[in-house]
Amino acid sequence: MATYDPASFEKKWQQYWAENKLYETQNQSDKPKFYVLDMFPYPSGAGLHVGHPLGYIASDIYARYKRLRGFNVLHPMGYDAFGLPAEQYAIQTGQHPAVTTLENIRRYREQLDKIGFSFDWDREVQTCDPEYYKWTQWIFLKLFNSWYNPVNKRAESIDTLIRQFEERGYEGNDDWALTGGFEVELPAFRAEEWNAFTDPQKNEILLNFRLAYLSDTYVNWCPALGTVLANEEVKDGVSERGGHPVERKKMKQWSLRITAYSERLLDGLDRIDWSESIKDTQRNWIGKSEGCALEFAIDGHEAKIEVFTTRPDTLFGVTFLTLAPEHSLVSEITPPERRSVVNAYIDKAKNRTERERMSDVKHISGEFTGAYAIHPFSGKKVPIWVGDYVLAGYGTGAVMAVPGHDSRDHAFAKHFGLEILQVVQGEEPGDILEASYDAKTGTLINSDFLNGLDVKPAIKKMIAAIEEKGIGKGKTNYRLRDAIFGRQRYWGEPIPIAYQDGLPEALDENELPLRLPDIDKFLPTEDGEPPLARAKDWKYETTTMPGWAGSSWYFLRYMDPKNRERFASEEALNYWQNVDLYVGGSEHATGHLLYARFWMKFLYDLGLVPVDEPFKKLINQGMIQGYSAVVNKLPLLEKYTLYISAELAAEWRKTDRIPEFLGKELERHGVSEVSVNHLIEERIDIKLVRGEQELDVEGFRNSFHFEKNGEFIQSGKNFLVAREVEKMSKRWYNVVNPDDICEDYGADTLRLYEMFLGPLEMSKPWNTNGIEGVYRFLGKFWKLFMDEQEQLKVRDEAPEKAELKVLHKAIKKVKEDIEGFSFNTSVSTFMITCNELHNLNGSKRALLEPLLILLAPFAPHISEELWHRLGHEDSVHNQVFPEYNEEYLVENSFNYPISINGKHRTNIELPLDMEADGAQPLVLANDIVQKWMEGKPLRKFIFVKGRIVNIVV
RNA sequence: GCUCGGGUGGCGGAACAGGUAGACGCGCGGGACUUAAAAUCCCGUUUCCCUAAAGGAAGUACGGGUUCGAUUCCCGUCUCGAGCACCA
């Protein structure tokens with residue numbers, strides 16, 4: 001056999017690379033460093049599918065390219081090994097999650113190895129390894145022992161805060177120098193008072209400032225999973241994993257004070273090379289809004305209501321205030337005669353789950369408290385209401401309602417018949433009683449000293465007036481919430497906290513790692529305690545860290561993975577700095593990617609890392625979707641289950657009328673009175689489909705999908721299935737396994753094909769329609785080197801100019817493509833180059849050797865094989881990426897045929913000293929021709945790609 | 001509702017800064033080799049008109065604009081996808 005046979009050499013080279021430690025990376029080098037990282041996988045029981053390697057292949061190409069370009073490349077891989085699925089599995093089967101996790105890791109490794117990645121496996125990390133999570137816990141302790149100093153704008157040791165308390169005390173929530181604007185439920189105290197406090201009292205106070213803290217907060221509680229979830233783990237009121245309903249519940253919880261970093265997380269985005277869309281998602285999530293906080297006095301009460309608004313200019317349009325049902329002042333200000341009504345409303349609102357509240361956005365509800373606030377400028381009395389459209393968790397939990405210029409306030413006012421005032425005049429007249437005017441443009445009216453001003457200057461003037469009056473000040477609010485850090489779960493990092501008199505006490509660093517204890521059952525205890533409460537003599541925190549803890553710093557551990565003294569040595573950190581290229585899915589935009597940035601900034605503040613952004617450049621690869629196969633069946637009959645071919649089912653659904661042919665068939669089976677609603681779609685294994693739609697009927701009959709009383713109805717020669725693009729998942733039977741592709745076509749074809757599918761960042765369905773083309777290309781490429789008799793046919797002749805042009809074109813294109821992450825078009829370039837060399841009979845060493853190096857990042861196995869067949873001892877992956885020479889690329893153009901107005905033809909002699917080569921007709925526009933005809937000289941020739949495309953007269 | 005990103009042949013998709021639209025691959029059609037098939041190789045393949053050949057017209061979701069020239073830039077409309085969403 002004289003053909004390309006990947007099975008005969010791919011494994012050989014994979015072993016060769018491993019044995020020779022080809023990809024081992026040193027922490028020092030004369031070469032410049034480059035760090036290429038993939039998001040490490042969670043090792044699930046299902047194994048890898050073809051979607052996983054997409055990003056890994058892209059990053060591998062880039063890493064190999066950088067290596068060929070003379071960089072010292074760090075390209076590691078590991079496993080995000082703590083997590084829910086392993087624990088769910090443990091609950092069902094009793095198998096310890098550590099066992100199944102290690103088993104899954106073994107399987108992942110086996111699959112990864114088949115694809116020929118250039119990972120340095122000596123640096124592998126697993127987040128569930130005590131030697132690793134020791135340092136996750138260590139970072140947690142650092143967070144616990146730190147606070148955010150808003151004056152210095154960075155995290156500092158909690159000791160600096162204690163010193164301030166000792167010297168100055170605390171002035172309450174106005175003490176911006178200590179809180180930086182975040183709310184602390186803590187009364188003021190003087191320095192003497194502080195010094196007189198007992199240690200537990202001091203500790204309790206300090207918890208309000210620590211970056212890792214314990215507090216009573218509303219959490220997303222998922223009863224089905226038995227744990228709390230972070231905001232980004234909840235989608236539309238149900239859990240992201242499993243889709244179980246989620247409730248709001250007040251619980252004592254560990255949280256991380258990520259909100260302290262809001263501004264810096266926002267700022268940092270301007271300095272990193274990420275896609276605009278993902279930066280936008282993060283900006284959105286942080287949700288900065290600038291406005292002003294101000295107080296309303298309450299008629300007959302000492303207390304004041306603080307509100308936050310982005311529209312202080314509309315203050316004269318305030319006709320009522322609305323408090324969230326959870327607002328602490330509600331019960332205080334409600335007079336006795338209104339109490340029962342208001343309390344009933346509050347109870348109702350509280351008992352609604354988050355989901356109900358969200359799905360019920362349009363329904364307006366609220367109650368008048370019976371109390372009145374005093375408008376700070378007009379002195380008018382305005383009623384105070386409670387309404388669940390106001391969120392307790394944002395701003396102050398109270399709003400000044402401006403129904404004239406806020407659609408939500410407007411809806412509320414209209415529903416309850418409250419006054420609506422217009423204070424901003426827009427360009428187009430509209431009835432303010434019908435719809436609010438929300439735009440931030442226009443002229444102020446009915447607003448005393450603001451009258452005549454535009455909105456923006458009015459905002460400024462009003463803030464100044466408010467500050468002068470001493471009732472409030474300009475303020476920035478963020479949507480970002482602190483990150484809840486405890487999970488009522490077993491399979492996670494234990495939180496290194498012990499309890500003393502109910503107060504948390506941090507472990508000492510040298511007590512780490514706090515190892516996860518063995519327990520007999522993985523369920524929560526009978527009285528609802530987390531599983532860790534089952535462990536004997538466990539005097540520590542019983543919740544564990546969330547899945548994102550270990551992944552928030554793993555990129556640092558790769559730099560120095562075996563260090564037992566430190567999370568990574570200073571030398572390693574200073575050498576590698578941060579990740580130059582990070583490749584992974586965009587679904588982590590508001591989770592992992594935000595938390596990792598937060599931790600990096602925190603570590604930077606403590607002087608533990610040299611830079612404060614973890615990932616310089618980020619590429620988001622798209623998802624590879626499954627291409628499910630769907631059969632239509634009519635199962636309502638006792639006698640038969642009728643399978644209806646896709647073309648008939650489609651017509652039926654479209655027209656809602658039974659197609660004639662199908663009607664006859666149904667009649668023949670004694671079926672009447674069926675509607676299209678009886679038609680059921682069932683997904684079947686995609687292996688039962690041949691080509692695009694044809695069902696392998698025999699295979700289907702033998703599969704478990706088939707109903708024993710099934711009969712087929714089809715109008716054509718074949719029974720057709722419908723196809724559906726959706727997530728690749730076991731439950732849809734649409735998973736394609738990379739091992740199978742490697743088996744059939746080899747790893748190089750898999751790699752090239754995944755790149756060839758389309759732009760890296762785009763999501764696309766997996767289908768194997770084009771894979772033959774890529775495989776054929778490799779076969780053709782092989783034939784440039786080997787003849788029919790399996791003999792090397794490469795000649796040592798000097799290449800022709802035309803051949804050099806082909807080569808250098810390819811070098812230039814591939815280099816540009818890799819640097820721009822357009823791997824799909826570089827595959828095309830290889831195909832074109834291969835064809836052109838065949839046509840030129842260019843099997844010459846001087847052409848093919850550079851070409852092999854060029855191809856090596858994409859198809860490492862075939863390149864290595866042919867490189868050795870050319871007589872080299874060394875690996876092709878140790879070579880230098882070839883440079884292109886512009887000289888060979890110049891296009892010569894001369895003596896163009898020109899068609900004027902697309903009609904007449906003439907030849908124009910151009911004042912260029914070039915040889916004629918591939919002359920093209922040039923179409924000139926009318927007016928140019930006219931000027932030319934009038935005898936004006938031709939002034940300028942416009943060249944594009946060495947070709948004249950226009951002439952300026 | 002707000003923000004962002006898309007819409008190009010039968011299909012996946014090219015076109016780097018405005019400059020020969022449809023590269024490359026799949027599919028399809030035709031041919032060569034073969035007793036035959038597979039494999040391989042060659043030719044054709046946006047649509048329409050005309051044709052023996054040559055040629056011509058339209059064409060990148062739709063409608064306008066800027067330009068000698070627009071898939072590319074600007075305005076408006078439709079549409080698909082993603083993120084956020086009673087955030088005051």
Side-chain angles (χ1 to χ4, degrees), chain A residues 3 235-236 275-285 287-289 291 307-311 314 322 324 357-358 360-364 387-391 393-402 405-409 411-412 438 477-481 586-587 589-590 620 622 691-692 752-753 756-759 761-765 767-777 779-780 783 788 812-813 816-817 819-820 822 824-835 838 902-903 920-931 942-945 947-953:
Chain A
T3 47
K235 292 263 144 74
D236 299 324
S275 73
E276 256 335 288
S277 75
I278 211 138
K279 285 191 196 179
D280 238 69
T281 306
Q282 288 207 349
R283 284 193 192 106
N284 227 321
W285 187 258
K288 179 177 181 170
S289 66
V307 301
F308 174 76
T309 178
T310 56
R311 294 295 302 275
T314 62
T322 315
R357 214 154 143 170
M358 272 198 285
D360 199 18
V361 165
K362 279 169 206 91
H363 183 251
I364 295 160
D388 70 357
Y389 81 97
V390 177
L391 303 174
Y394 183 80
T396 60
V399 301
M400 56 176 235
V402 186
H405 305 285
D406 182 286
S407 47
R408 294 152 306 178
D409 296 340
F412 194 82
D438 293 13
N477 246 329
Y478 300 90
R479 205 186 67 95
L480 186 68
R481 304 283 76 161
S586 56
E587 66 272 20
T590 55
N620 299 114
E692 184 67 17
L752 286 176
Y753 184 58
F756 188 63
L757 268 175
E761 316 213 359
M762 201 189 274
S763 287
K764 54 235 158 188
N767 73 59
T768 46
N769 287 348
I771 200 163
E772 295 282 348
V774 171
Y775 184 71
R776 272 199 276 270
F777 153 68
K780 275 188 219 168
K783 282 187 192 164
E788 303 286 314
K812 183 165 194 252
K813 185 73 168 59
E816 287 170 357
D817 280 348
E819 282 169 5
S822 308
N824 53 334
T825 51
S826 23
V827 179
S828 294
T829 305
F830 283 120
M831 291 173 172
I832 295 167
T833 307
C834 179
N835 282 338
H838 268 295
K903 294 265 194 286
Q920 296 281 325
L922 177 68
V923 183
L924 293 183
N926 285 340
D927 65 322
I928 290 199
V929 174
Q930 202 161 2
K931 283 179 191 164
I942 297 170
F943 289 86
V944 174
K945 299 181 194 167
R947 208 170 264 146
I948 296 171
V949 295
N950 200 7
I951 297 170
V952 178
V953 184

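All values derive from a computational prediction rather than experimental measurement. Throughout, a chain's letter reflects where its sequence line sits, starting with A, and its residues are numbered from 1. Hydrogens, waters and symmetry mates play no part in the numbers below; they use all other heavy atoms, side chains included.
Rounding to whole angstrom units, CZ of residue Phe777(A) and C1' of rU40(B) are separated by 17 Å. Nucleotide rG13(B) holds its P atom 17 Å from the CG atom of Asp817(A), rounded to whole Å. Atoms CE (Met400(A)) and P (rC86(B)) sit 20 Å apart, rounded to a whole Å. When the P atom of rA39(B) is taken as reference, atom CD of Glu788(A) falls 16 Å away, rounded to whole Å. As rounded to whole Å, 16 Å separates atom C1' of rG83(B) from atom CD of Glu761(A). Taking atom NZ of residue Lys764(A) and atom P of nucleotide rC80(B), one finds them 23 Å apart after rounding to whole Å.
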_As a check on the pairing definition, encode RNA chain B in dot-bracket form, counting Watson-Crick and G-U wobble pairs whose two distances are under 3.5 Å, and using | for partners outside this strand._
(((((((..(((......[....)))((((((.......))))))((((.....))))..(((((..]....))))))))))))....
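No engagement by Asp409(A) is indicated, since no non-hydrogen atom pair under 4.0 Å with the nucleic acid exists. Pro759(A) comes within contact range of the sugar-phosphate backbone alone, with a heavy-atom separation under 4.0 Å but no base atom that close.
Distance noted for atom P between rU46(B) and rU40(B): 24 Å (whole Å). Taking atom P in both rA38(B) and rA32(B), the straight-line distance is 14 Å, to the nearest Å. A distance of about 42 Å separates the P atoms of rG83(B) and rU45(B), rounded to the whole Å. Annotation: rA70(B) and rG1(B) have their C1' atoms spaced 33 Å apart (nearest Å). Comparing the P positions of rU20(B) and rU60(B) gives a spacing of 16 Å, expressed to the nearest Å. As rounded to the nearest Å, rU66(B) and rG30(B) have C1' atoms that lie 47 Å from one another. Separating the P atom of rG6(B) from that of rG18(B) is a span of 16 Å, rounded to the nearest Å.
A close approach under 4.0 Å does not occur between any side-chain nitrogen or oxygen of Arg283(A) and OP1 or OP2 of rG83(B). Phosphate contact (OP1/OP2 of rA88(B), side-chain N/O of Tyr389(A), threshold under 4.0 Å): absent.
Where Gly758(A) and Gly287(A) meet RNA chain B, the nucleotide closest to each residue was compared, and Gly758(A) sits on the side nearer the 5' end. RNA chain B is contacted by both Thr281(A) and Asn824(A); Asn824(A) maps to the nucleotide lying nearer its 5′ end (nearest heavy atom per residue).
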*Base-contact (B) and sugar-phosphate-only (S) positions in nucleotides 24-30 of chain B, heavy-atom cut-off under 4.0 Å, - elsewhere*: BSSS---
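Closest approach to the Trp285(A) side chain among rU40(B), rA88(B), rC84(B) is made by rC84(B) (side chain taken as heavy atoms from C-beta onward). Side-chain atoms of Glu816(A) lie closest to rC16(B) of the nucleotides rG13(B), rC16(B), rC84(B). With distances taken from any side-chain atom of Thr825(A) to the nucleotides rA88(B), rA14(B), rA85(B), the minimum falls on rA14(B).
An anti base is found at rG65(B): its glycosidic angle is more than 90° from 0.
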What does the list of N/O pairs under 3.5 Å between the protein and nucleotides 1-9 of chain B look like, with a distance for each?
residue : atom : partner   : partner atom : Å
rU3(B)  : O2'  : Asp280(A) : OD2          : 2.6

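Taking the six-membered ring for Trp and thresholds of 30 and 60 degrees, Tyr389(A) and Phe412(A) have ring planes inclined between 30 and 60 degrees apart.
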